[in-house]
Amino acid sequence: MDEKIAKVVFNIPVNKEFDYLCTQENIDKGKRVEVEFNRRKMLGIVTSISSKTSITNLKSISNICDTYPSLSEEKLEFAKKLAKKYILTWGEVIFMMLPNYLKRIKFVDLPPLLSSYIGKDKSKVFVKLNSFYKRYQFYKKQIQEILENNSVILCLPLIDYLKEVSYCIEEDFPGKVVLVHSSNSSRENFLSWLEIRKGRRLILGTPMSLFYYPEDLGLIILEEENSPYYSQQKKPYFNILDIVVMLSEFKNIKVILSGNYPTLFTYRMYKEDKIILVDGYREDKRIEILDFKNFYYKRKNLFTPFVIELMRKKLEEGKNILILWSRKNYSLFLRCNQCGYVIKCRRCSSYLKLSLEKKLCVCSWCGYYENIVDKCKICNSGYMVPVGVGIERLESIVRKIFPEFLVSRGEVINPPGIILGNYNFFNFFVERKLDIDACFILDIDNMLSLVDYETTFNAFIYLKKIACYVKDIYVFTHNPSHYIFESINDSWEKFYEKELSLRRQFNFPPYGIMVKVILKGKDKNKLLKRLESLYNRLKEFNLEIFGPVEEFPFKVRDNYGGALVIKGKNRKMISDICGQVIQKYKSSAYRITVIVR
DNA sequence: AGCACGCCGACT
DNA sequence: GTCGGCGTGCTC
């Protein structure tokens, strides 16, 4: 018996290769194939060719969809590494490396693959500069040099940034730049992917471009590596910095990381002499930390006479001021002034927020909304009172205080005036290089009150980034003795040392591993039972586990969520255990998501 | 993932 | 009696 067997993976959450008989010639690793799988036609990727199998009634491959492999052997191997680390299936990661156009069963005549390039230099550099153009001057020569023989990826956190800088880069590298981002159509995306396949390109892209990396990749540049957009908030929950470092190790190629301040991962590498720090950023602006308590004149009032005077002074000088506020809508909830009833979402365990602009009560989790009611429908005598300050309400407060000045939200105005916005809006401002004289941050306590090991660090990055672009920055807090404020105007390294020692002490990343396992399902009690049983199973391995805890919010769109958080030192051991155990707790009614940090 | 099979509760 | 919901298990 000398039959050829192809091992095939699919885009399904089952970590398994399926064997098919090769009855045709030209079946090869990395090629897309059409096969029958569980009574359906499915697109699979051939991961290897073998001569043995343990399965008896093999089906054969129906059609080959590629002339040349879609993915190289090297990429398949890298996908395997990623899958292991992030507790995903091999197939899921492999399919992320394909443009959507190739995810359908369709014959495509691809050009041949380049041979895999393995570099000789995996040195890492962190460029500490506070603007893209300064950093770009630093990269430019190196990009030129690498492009002679290889490809370069320049990764930016957001599409908006990418579009902003693409013109100047395209001018410097005419005919070399390939743009990769998700706002491209499926067709455009596929054309970019094909272009990349030719090699010797400068790939300018969002994080997804890393999955399209070419065989001849010789340099990766990660712009603003401390950007929160690199810790994916959705589906696969990758950490882009981590992927960049893995890829550089895997291909033995150079990496340049950049930003005004490094991540703690990078700082740790620097401390361990694994990365070179190029520090050209000296002008650290003073961030004024002001204690709310000293300026109270009414309880719970954000705008104390002191704050108002400070703002008025700037406005009278003819300047624009920016007030950052992270809460949307008008109020955080609506409560009856008689019986205390609060309007909740029908599908989630959250309160409905009042939006006067939309003239609705809205759920920020599922999009559910209902009309505004004045009278309480429970006691029928009280009135529904908006509680808490959202940005709509903040706007009306500001308008009352400064009736003589322009007030805008998300709009560009001529100075003097007051602009209100959230942090995303601030990013938008940065990109437009708008001139903001003073920034008032009134809600840093909301940020610091989150129960998450990363919040203090994120708050630091947030404040420092604002300080880069604004002349005066005023931060108001009820908790000025918090350690973030102790060193914020000192040397940045002092804060990093403090934060790093805390992370080390409690085994948080970048020292330990954190795995959050989220279980979701419609039946609350069964969900909790299942979570409990998963907890007990994991406990057998002597792991440090928190939980079970309820997700916040506990219920979204009629689905309950509960989680376990596993923490420890040994990354490999913990992800191996999770990979094995979690598989068995998956079902279609109780979905599992895993976040690895 | 997506689909079949099987088990229980509701209802012409 | 059988229709249909969802939980479970399997796919080369």
Side-chain angles (χ1 to χ4, degrees), chain A residues 1-24 27-65 76 79-80 82-83 86-106 211 234-238 347 517-534 537 555-562 579-595:
Chain A
M1 294 287 269
D2 213 22
E3 277 168 332
K4 274 173 105 189
I5 309 295
K7 308 256 175 203
V8 176
V9 291
F10 301 102
N11 194 7
I12 57 170
V14 178
N15 215 2
K16 211 173 164 186
E17 290 160 87
F18 294 86
D19 294 353
Y20 286 88
L21 208 61
C22 302
T23 47
Q24 299 169 63
I27 292 174
D28 213 349
K29 288 175 221 180
K31 280 189 184 174
R32 298 174 308 125
V33 288
E34 179 195 327
V35 293
E36 201 187 308
F37 180 69
N38 201 12
R39 289 163 289 246
R40 286 174 299 146
K41 277 180 188 301
M42 284 270 272
L43 186 74
I45 298 272
V46 179
T47 53
S48 61
I49 307 286
S50 165
S51 55
K52 7 174 211 223
T53 179
S54 50
I55 310 293
T56 44
N57 287 321
L58 280 190
K59 289 187 172 118
S60 46
I61 288 174
S62 331
N63 279 306
I64 309 168
C65 301
L76 295 178
K80 197 172 200 172
L82 280 181
Y86 285 96
I87 315 177
L88 295 162
T89 67
W90 196 10
E92 284 170 316
V93 182
I94 284 175
F95 273 79
M96 279 176 217
M97 293 177 158
L98 291 176
N100 283 337
Y101 186 82
L102 293 178
K103 287 180 190 169
R104 285 168 293 167
I105 300 173
K106 196 179 180 188
F211 290 94
K234 278 192 247 138
K235 270 210 145 171
Y237 297 98
F238 287 119
R347 296 185 286 183
V517 183
I518 306 164
L519 198 64
K520 283 187 177 169
K522 286 210 190 318
D523 191 313
K524 186 170 146 188
N525 294 325
K526 284 184 188 171
L527 175 98
L528 293 174
K529 253 191 180 166
R530 219 180 162 96
L531 205 58
E532 191 72 42
S533 122
L534 178 60
R537 180 80 185 86
K555 188 171 79 167
V556 175
R557 291 177 187 271
D558 291 324
N559 269 285
Y560 290 89
Q580 287 165 32
V581 174
I582 287 164
Q583 277 271 315
K584 287 161 197 148
Y585 283 80
K586 275 184 187 169
S587 81
S588 37
Y590 297 94
R591 300 251 139 91
I592 290 188
T593 322
V594 186
I595 305 175

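All chains are named by letter (A, B, ...) in the order of the sequence lines, taking the proteins before the strands, and each is independently numbered beginning at 1. In this text the structure is predicted, and so the values were computed from the model without any measurement.
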Specify the separation, in whole Å, of atom [atom1] of [X] and atom [atom2] of [N].
X      : N      : atom1 : atom2 : answer
A/K586 : B/dG2  : NZ    : P     : 14 Å
A/Y585 : C/dG7  : OH    : P     : 18 Å
A/N559 : C/dC6  : CG    : P     : 12 Å
A/D523 : C/dG7  : CG    : P     : 7 Å
A/K526 : C/dC6  : NZ    : P     : 11 Å
A/F10  : B/dC3  : CZ    : P     : 14 Å
A/K52  : C/dC12 : NZ    : P     : 23 Å
A/K520 : C/dC6  : NZ    : P     : 19 Å

Look at all strands and tell whether [X] reaches a base, only sugar-phosphate, or nothing, counting heavy atoms closer than 4.0 Å.
X     : value
A/V14 : base
A/K7  : nothing
A/I55 : base
A/F37 : base

Name the closest nucleotide to the A/K59 side chain, picking from C/dT8, B/dA1, C/dC12.
C/dC12
Looking only at side-chain atoms of A/R39, point me to the closest of C/dC10, B/dA1, B/dA4.
B/dA4
Counting only N and O atoms by type, is there a donor-acceptor contact under 3.5 Å from the side chain of [X] to the main-chain atoms of [Y]?
X     : Y     : result
A/T89 : A/K16 : no
A/S50 : A/I5  : no
A/Y20 : A/E36 : yes

At less than 4.0 Å, is any side-chain N or O atom of A/R591 found next to OP1 or OP2 of B/dA1? Yes or no.
yes
Could you check if a side-chain atom of A/L98 sits within less than 4.5 angstrom of a side-chain atom of A/R32, using non-hydrogen atoms only?
yes
Pairwise distance NZ(A/K4) to OG1(A/T23) - rounded to 0.5 angstrom:
11.0 Å
